[in-house]
Amino acid sequence: MCKLCDEGKPQDHTDSLLDSRRDFLKAAATTGVAAAGLSLFAARPAAAKDKDKEDDDPPDDTGKPGRRYIIRGGAVMTMDPSMPHRGEFAKADVLVEGKKIVAVGPNLPVAGAAQIDATGRIVMPGFIDTHHHQFETVLRSFLADGVLINDGSGSPSGSTTYFEFILLTFAPVYRPQDVYINELFGGLSQLDAGVTTVHDVSQIHHSPQHSDAAIQALFDTGRRAAFGYFESAGAAILHTNPGNQYPQDASRIKKQWFSSSDQLVTMIMGGEVYLGNQSTDDSWTIGRNLDLQIAAHILSPFGIRPTFDLLAAGTGGNGHIGMGPDNLFIHTTGMSDTAWQRVKDVGAQVSIAFPIEMNMRHGMPPIIRMQMMGMEPSLSTDVECTMTADSFTQMRAAMNLQRMIVNQMTLDKPNGNQNLPDPRNWELPQSAMTSNDNPGFPYWPKPPAGIPAPLTTRDVLRYATMNGAKGLRLDTKTGSLTPGKEADIIILDASAINVAPLNQVPGAVVSLMDRTNVETVIVAGKIRKWKGELLDVDLPHLRKQLEASRDYVFNKAGVAQDLFSSQ
Ligand SMILES: [Zn+2]
């Protein structure tokens, strides 16, 4: 979106977010792709500067070199079990200097640091979402009832579907400015919910301008993000994207935006294997030559199982592509035992979108299989056209789905698990033997050998933090409150009406909290949300731009806006 870049004189946009945003806006104005207005961010409201409110103000210049502040007296859950007390402290402090966490522990010396009172709060690392399509923000809840692909049933769920509507109808009409405001608004919304890192699977690369708009929005959001350079969704099938430069534009994008590793936004190469062997060859080879992680959606409804077997054998694409430790596989439903073994052996990463997979017919989330193989997933929110993108929903869905299966396997074991895996018979049938090892009340069989223990709140918290960092190869920078890492921290209000009294910290976060409890959010030392308010964001203005984009996209796609559409 930079004029000089457009003229073939690539500019470095990475040194200053402010400058790069100005470049984007200036170029956007000259090239006529400007969104409805130019003032995307506002100064903090004057009210916040009132004298009586001064005590409530955040410390100044957070995240700047040498600037110290201490988060005082909260229940601290570092998610780093190698630290003292397993990294769990009923009452402790977190000292931040510049971008980094300097120390965690009880009664740290203040040493001239500004103080943030965290009494009655839970202090933990920000959540990490390893797969999210932020370009779909204007389509929020449009597909709340739909499944992946039209199933010919004529039912409400089977008729208005993801493939036909989101990919083939809406995605092709997006302009660069639609991409920008969708990405920005969706990103700020997740930041507000305490998700400090995202892998944005932007499949909306109809042209290099679309790509630049997505990346610019990720930088402007001001949180940690992996930009996933995927294909030109829908438009590539319909051939309505003459400007499409995927995948070869990856080289320019990497050079122009990602030459520094010391920035919040990094890059992942999209390498979908359902686009044909040539595309697999091209995208995986380009990604590997650029030393990028390579991500792909892997799911049985797209007929990927035989393709995945070839990748496991090292004979994928046109014959020579194999999976490696640089792969991030999304969903991974319905794959063969052999392929799974290879995923484990090479150390590839797996991201599960529990609620979406359960809802949209991707197949059973492969959590039990992964546990039985000694593997763990990270969590991903996927699409807000169908489901909310907060991590509380993710963690609860993961835990409940896994427990539903394990609990039913336990109850059914005395009957030889005869009813599994047919889900229609997962409840105990009338003919079942109910007095196998201990007759009478209670009917409460011992968990059978060989099935995993039910997931715990700590487990899913680990999935939503450290595993996410590992999944995006960012675990030296984020994922836990380990001194030396960058300060991606959330402060959660445990005194709120839906949580008090605080009895168990992991349980309070996973089982009780929602986004209203996310009080303060810090990214790389910089406070982005303070006591319930996102800082430096003109939300009404951004919402107006988002609504204008929504109106354009629906109109251009020929889909009527209907607040009570029955799909
Ligand atoms: Zn996806």
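Every number for a ligand or one of its atoms is a count from 1 in the order of the listing. If you're wondering where the values come from, they're calculated on a predicted model, not measured in any experiment. Heads up: numbering here begins at 1 and tracks the sequence. Keep in mind that the numbers below use all heavy atoms, side chains included, and drop hydrogens, waters and symmetry copies.
- When side chains are defined from C-beta on, M375 counts as touching V343, because their heavy atoms get closer than 4.5 Å.
- Take Y174 and apply the ring-ring contact (aromatic ring centres under 6.0 Å, His included) test, not counting sequence neighbours, and it matches F135.
- The ring-ring contact (aromatic ring centres under 6.0 Å, His included) check on F308 picks up F329, with sequence neighbours excluded.
- Distances from the Zn ion (ligand 1) to the N/O/S atoms of H297 are shortest for NE2.
- Under the 6.0 Å cut-off for aromatic ring centres, F219 and W257 qualify, their centroids lying closer than that.
- The NE2 atom of H133, the Zn ion (ligand 1) and the OD1 atom of D382 define an angle of 80° (nearest 10 degrees).
- Contact annotation: H331 places no N, O or S atom under 2.8 Å from the Zn ion (ligand 1).
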